[in-house]
Q: 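Please find one structure pasted underneath; my questions will follow.
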Amino acid sequence: MDAVLFLVFAAIAVACGISVVVQRHPITSAISLIGVMGALAVLYLLLGAEFLAAVQVVVYAGAIMVLFIFVIMLLNAGVEPPGGRSWPVRLLGLPMLVILVGLLSFVIRRVFAGGEEVRFGAFTKGGPREIGRLLFTDYLLPFEVTSVLILVAILGAVVLARKEID
Amino acid sequence: MDSVPLSWYLILSAVLFALGVAGFLFRRNLITIFMSIELMLNAVNLSFIAFAYKLNQVDGQIFAFFVMVVAAAEAAVGLAIILTVFKSRPSLAVDEVNTLKY
Amino acid sequence: MNFFVLSLLKAAIVISVLMVSLLYLQWVERKVIAHIQLRMGPYRVGPHGLLQPFADVLKLLTKEGFIPSHVNLFFYLLAPFLAVSLALISIVVVPFGPEVELFGVRTTMQLTDLNIGILFVLAISSLSVYAVTFAGWASNNKYSLLGGLRSAAQMISYELPLALSLGAPLLVAGSLSLREIVLAQQGTILGILPNWMIFQLPAPQLVGFLVFLIAAFAETNRIPFDLPEAENELVAGFHTEYSSLKFASFFMAEYANMITMTAITTTVFLGGWLPPFPETLGSNWAPAVIFALLGALAVYYSRQAPRPKDRRTLPWVGLALFAVAAIFLIPAAHPLLVPPFWFLAKAGFLMFVFIWVRGTLPRFRYDQLMQFAWKFMFPVALVNLFATALLVALFPR
């Protein structure tokens, strides 16, 4: 069951990931990215990260991507014109990418050859209680710093996107 | 069938990260490039959570949580910058945003 | 019994009840609005228009499913599908009753109890923005696009007070699981008031409840916040270009969202399946009394009904109500029937409030809507959250 779920959702994630990169229209890319995020949320559940799975959907799919789609619609961004990259990039890009992925997979297979097995339900510390406890004890300072970061980001966004009122 | 090797999760993460890199390098639309960055962040989150499982510690998940928070802040500012760029020149192609080169 | 068989059985029961209430909610709404406006409402199809929902469904099914040539087909078809599936999915975490034993099988009256239940509901409701936005964008029509953009902005804005007002009861209950939230509301205050979230000491959530309810109106795109589909300015907004079954999906999604929102409100703020007064005062017998009174009312009214048809049919309705009351009198059926009764009664009352508001209030202007969200709802929800946090910290249970 675990393997089936993993394979199905990994396939969805990879297919949507490819779609993000190859689609010409930004809005199709955006919805493919939402697909990746949804599939990853399920994989987080398989890894026992329940809270993170929910946050992934709420924050990434529910807030960040809505912002993207809002901007795409607001700017009425159309289909991207084809071409534009120089010929070595177009010729060598794909093979280099495949080599990179192959190399990474090879290294990962070698390093984790001992075979740590992921079993659904074996990791039970991913609930809101445990995350919250750690967040407000060991990671209190980073947590507060991120809140300041978000405040700064809000201010920056408001200042940047403000309409000039003369 | 009851379990999956941890390396599969890491390989999936690597594949998604590579796809993000590819999108970042090949695409010309500012928004699509930005989305490729988000794809890379997601891939990294997956490996954080996979390692949290392997080490049997929640800390990895906390890192993933922080990555998400930073991604949210980054999206807000980044999209505001894209809006400003679009206001000054009605195009989203990155190649045309080159004034700082000269 | 097998876990899968049990889950399928429960899912079948929940989905059938949900579908029937979806159908008839529309009828109830038309009737209530009609009576608010001193009209009759649907009357022709069946007795008192009771078959009207089926007639409507039949009409929508047999209509031509016209697809305009200028739409983006994939997103155009995806939007109604998303709307309906996202609206129906949240019901899985709602608890309708406590753990019961039936034919030797112990099970909870809930499809699944997630320890992140509230977050699940928030996640699904945050995704439902896409349905409306995609519908507006894919229709390739300026009114639809405006409706879609409006709704995206509106739903994101109101999600903040919604989530914040939901956070305060979580602090009091100390759990994200909906079942545990209900269980935290057991008991009474001073022996009279139920220990529901809206009354519960140390931090009564009355303000949070009101903020949540108002934000829920906005999240479900209901009047007075139905800007995305404002007929007179946007020609029905995001669903201008939709017809037949695709339109029916949006329509259904609106009512399903309403049901979900009322169910969540009931669970979090109004004590879920818990009765309004304790069992020692005989709350188990209250449903039987209520149904018997309704039956008596029907029989009494049948003697002086203005329509001759009603004089013949209403005694039978009264008899049916007496039969229901008799079923509620059986003590063995109490654990199975009484908790869902209270749950449905509270949720039904909230749905009535939804319809009541629709019959009473005019629509907001768009800038008023945004100002209301950011300058009033958001600060109030934030202050409520902080005050609750302070009180919970000062008076731990």
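The figures here come from the full heavy-atom set of this structure, side chains too, leaving out hydrogens, waters and symmetry mates. Each chain gets a letter, A, B and so on, in the order the sequences are listed, and its residues count up from 1. No experiment lies behind these values; they were computed from the predicted model shown.
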Q: So what's closer than 4.5 Å to chain A heavy atoms on B:Tyr9: side chain, backbone, both or neither?
A: both

Q: State, to 0.1 Å, how close A:Leu160 and B:Val77 come at their nearest heavy-atom pair, and which atoms those are.
A: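 Taking A:Leu160 first and B:Val77 second, the nearest heavy atoms are CD1-O, 4.1 Å.
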
Q: So B:Asn45 and A:Tyr44, do their side chains get closer than 4.5 Å, heavy atoms only?
A: yes

Q: Mark yes or no for whether A:Arg109, through its side chain, and B:Trp8, through its backbone, hold a donor-acceptor pair below 3.5 Å.
A: no

Q: Going by salt bridge (charged side-chain N to carboxylate O under 4.0 Å, His left out), name the residues that satisfy it together with B:Lys54, two or more places apart in sequence or in a different chain.
A: A:Glu116

Q: With only heavy atoms counted, which part of B:Leu12 is less than 4.5 Å from chain A, the side chain, the backbone, both or neither?
A: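 Only the side chain of B:Leu12 comes within 4.5 Å of chain A.
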
Q: Using a 4.5 Å cut-off on heavy atoms from C-beta on, say whether the side chain of A:Ile131 contacts that of B:Val58.
A: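 A side-chain contact under 4.5 Å exists here.
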
Q: Is A:Leu74 close to B:Leu83 at the side-chain level, that is, under 4.5 Å between some pair of heavy atoms?
A: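 Answer yes - side chains close enough.
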
Q: Side chain from CB out, backbone as N, CA, C, O: work out which of these in A:Phe68 comes under 4.5 Å of a heavy atom of chain B, or both, or neither.
A: both

Q: Sort A:Val22 into side chain, backbone, both or neither according to what part of it lies under 4.5 angstrom from a heavy atom of chain B.
A: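 The backbone, not the side chain.
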
Q: Heavy-atom distances under 4.5 Å only: say whether B:Ile62 touches chain A with side chain, backbone, both or neither.
A: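 Just its side chain gets close to chain A.
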
Q: For B:Ala18 and A:Leu97, work out which heavy atoms get closest and say how close.
A: O-CD1, 3.4 Å

Q: Quick check: do B:Gln61 and A:Phe51 have side-chain heavy atoms less than 4.5 Å from each other?
A: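 No. Closest side-chain heavy atoms not under 4.5 Å.
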
Q: Rounded to the nearest 0.5 Å, what separates atom CG in A:Leu67 from atom CG in B:Leu79?
A: 5.0 Å

Q: Counting distance only, does the side-chain N/O of A:Lys125 pair as donor-acceptor with the main-chain N or O of B:Gln57 below 3.5 Å?
A: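 Not a single qualifying donor-acceptor pair exists.
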
Q: Side chain, backbone, both or neither: which part of B:Tyr53 has a non-hydrogen atom closer than 4.5 Å to chain A?
A: both

Q: B:Leu16 versus chain A, heavy atoms under 4.5 Å apart: side chain, backbone, both or neither?
A: side chain

Q: Between B:Phe48 and chain A, which part of the residue has a heavy atom less than 4.5 Å away: side chain, backbone, both or neither?
A: neither

Q: Going by the rule side-chain hydrogen bond (donor to acceptor under 3.5 Å, both in side chains), which residues pair with B:Asn42 if we only count those two or more places apart in sequence or in a different chain?
A: A:Gln56

Q: What distance separates B:Arg27 CZ from A:Ser29 OG, expressed to the nearest 0.5 Å?
A: 5.0 Å

Q: Given that the side chain runs from C-beta out, which part of A:Tyr60 has a heavy atom under 4.5 Å from chain B: side chain, backbone, both or neither?
A: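 For A:Tyr60, side-chain heavy atoms alone lie under 4.5 Å from chain B.
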
Q: State, yes or no, whether a side-chain contact exists between B:Phe17 and A:Leu104 at a heavy-atom distance under 4.5 Å.
A: no

Q: Checking side-chain contact (heavy atoms from CB on, under 4.5 Å) against B:Met35, which of A:Ile64, A:Val21, A:Leu33 comes through?
A: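 Exactly one pass, corresponding to A:Leu33.
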
Q: Can you tell if the side chain of B:Ile82 reaches within under 4.5 Å of the side chain of A:Leu75, non-hydrogen atoms only?
A: yes

Q: Would you indicate whether the side-chain heavy atoms of B:Leu46 and A:Leu47 approach each other to under 4.5 Å?
A: yes

Q: Which word best sums up how the rings of A:Phe143 and B:Phe65 line up, parallel for under 30°, tilted for 30 to 60°, or perpendicular for over 60°?
A: parallel

Q: Between A:Leu135 and B:Phe66, is the side-chain contact (heavy atoms from CB on, under 4.5 Å) condition met? List the steps.
A: CA-CA 10 Å; A:Leu135 214 50; B:Phe66 282 130; 4.0 Å; yes

